[in-house]
Amino acid sequence: MERRNFIKQCGLLGASCLGLSLFIESCGATHYVQGIASNNRLQINKSDFIILKKDKTTFRKYIITKLENSDCPIVVYRFSENNFSALLLRCTHQGNELNVNGDMLTCSAHGSEFSNKGDVIQGPAEQKLKSFPVTTDEKNIYIQLAA
Ligand code: FES
């Protein structure tokens, strides 16, 4: 093999590996959880936020859960040990399902953006996202779905 072709193939291989690792990392960023629903309340384990890497514990910023009979998922953000927000991933403009991009929720339909507390950052949406009251105990998070 000529030197030039060898260098070219090594470059392509390196770019492929980089692309694959970025893809795997992005896939691992979103964690989906099936909560336990009862009495208009959804229960999620706090441990679902834990990431263990080489004896080091870190926490996911958010997880996504979905009720069996709902067409729209809920994102649960972790701010601290006992401080969470639970937001319905439905745009308040025309009801499109939102995408989670770290601390930002975006709508692909017309470009609205929301914060991780549900506030409108950019329209055309004008209303906050639907949020659910959240309580915690030592091990669990409880999302109150209806009063
Ligand atoms: S439906 Fe989300 S911006 Fe229009």
Side-chain angles (χ1 to χ4, degrees), residues 8-147:
K8 196 173 172 181
Q9 287 183 355
C10 285
L12 286 174
L13 181 64
S16 300
C17 289
L18 178 65
L20 183 62
S21 66
L22 289 174
F23 174 74
I24 289 169
E25 192 174 309
S26 67
C27 288
T30 300
H31 187 68
Y32 296 90
V33 170
Q34 181 70 50
I36 301 167
S38 69
N39 297 330
N40 286 325
R41 195 170 81 162
L42 186 63
Q43 177 186 324
I44 295 170
N45 291 328
K46 282 183 176 176
S47 62
D48 286 324
F49 283 87
I50 294 174
I51 302 170
L52 290 174
K53 271 187 189 172
K54 297 179 185 172
D55 300 333
K56 189 178 172 194
T57 301
T58 58
F59 295 92
R60 292 181 172 87
K61 280 185 175 181
Y62 66 89
I63 59 172
I64 295 177
T65 187
K66 188 173 180 181
L67 294 172
E68 280 180 17
N69 55 357
S70 171
D71 61 340
C72 207
I74 295 170
V75 61
V76 183
Y77 279 102
R78 180 187 187 277
F79 301 112
S80 67
E81 173 72 21
N82 290 308
N83 187 6
F84 297 85
S85 72
L87 305 167
L88 188 66
L89 286 174
R90 181 178 292 140
C91 184
T92 54
H93 180 229
Q94 291 182 359
N96 192 52
E97 186 173 320
L98 299 171
N99 300 310
V100 182
N101 300 307
D103 289 332
M104 184 87 80
L105 306 170
T106 59
C107 182
S108 59
H110 312 104
S112 288
E113 295 178 353
F114 302 87
S115 74
N116 58 11
K117 301 220 172 171
D119 296 320
V120 177
I121 294 173
Q122 177 177 305
E126 295 177 348
Q127 294 181 333
K128 285 184 74 158
L129 296 179
K130 178 174 177 51
S131 64
F132 302 95
V134 179
T135 56
T136 63
D137 63 17
E138 193 176 320
K139 291 184 176 176
N140 298 304
I141 301 159
Y142 304 98
I143 301 168
Q144 194 67 42
L145 301 170

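Just so you know, ligand 1 is whichever comes first in the structure, and atom 1 is the first atom listed for that ligand. Every value quoted in this text rests on a predicted model; they were computed, and no experiment measured them.
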request  = Would you please test Phe49 and Ile141 for side chain to side chain contact (heavy atoms under 4.5 Å, CB included) and show each step?
outcome  = CA-CA 11 Å; Phe49 283 87; Ile141 301 159; 3.4 Å; yes
query = Going through the checks in order, is the side chain to side chain contact (heavy atoms under 4.5 Å, CB included) test met by Asn45 and Lys139?
reply = CA-CA 6 Å; Asn45 291 328; Lys139 291 184 176 176; 5.6 Å; no
message = Please evaluate residues Lys46 and Glu138 with respect to the criterion salt bridge (Lys or Arg N to Asp or Glu O under 4.0 Å), reporting the C-alpha separation (whole Å), side-chain torsions for both, the decisive distance (0.1 Å), and the verdict.
response = CA-CA 8 Å; Lys46 282 183 176 176; Glu138 193 176 320; over 6 Å; no
side-chain hydrogen bond (donor to acceptor under 3.5 Å, both in side chains) between Asp103 and Tyr77, intermediate numbers included = CA-CA 8 Å; Asp103 289 332; Tyr77 279 102; 5.2 Å; no
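In this structure the side chain of Gln144 never reaches within 4.5 angstrom of the side chain of Tyr142, judged on heavy atoms. Using a 4.5 Å heavy-atom threshold, the side chains of Ile44 and Phe84 count as separate.
Scanning the protein for heavy atoms near atom 3 (S) of ligand 1, the closest one is Ser112 OG, 3.2 Å. Looking only at heavy atoms of the protein, atom 1 (S) of ligand 1 is closest to Gln94 N, 3.3 Å.
Each of the atoms 1 (S) of ligand 1 lies under 4.0 Å from some heavy atom of Ala109.
Residue-level check: among N/O/S atoms of His93, ND1 sits closest to atom 4 (Fe) of ligand 1. Closest approach between atom 4 (Fe) of ligand 1 and any N/O/S atom of His110 involves ND1.
In summary, an N, O or S atom of Cys91 is located under 2.8 Å from atom 2 (Fe) of ligand 1.
By the criterion of a heavy-atom distance under 4.0 Å, the side chain of Cys107, and not its backbone, is placed next to ligand 1.
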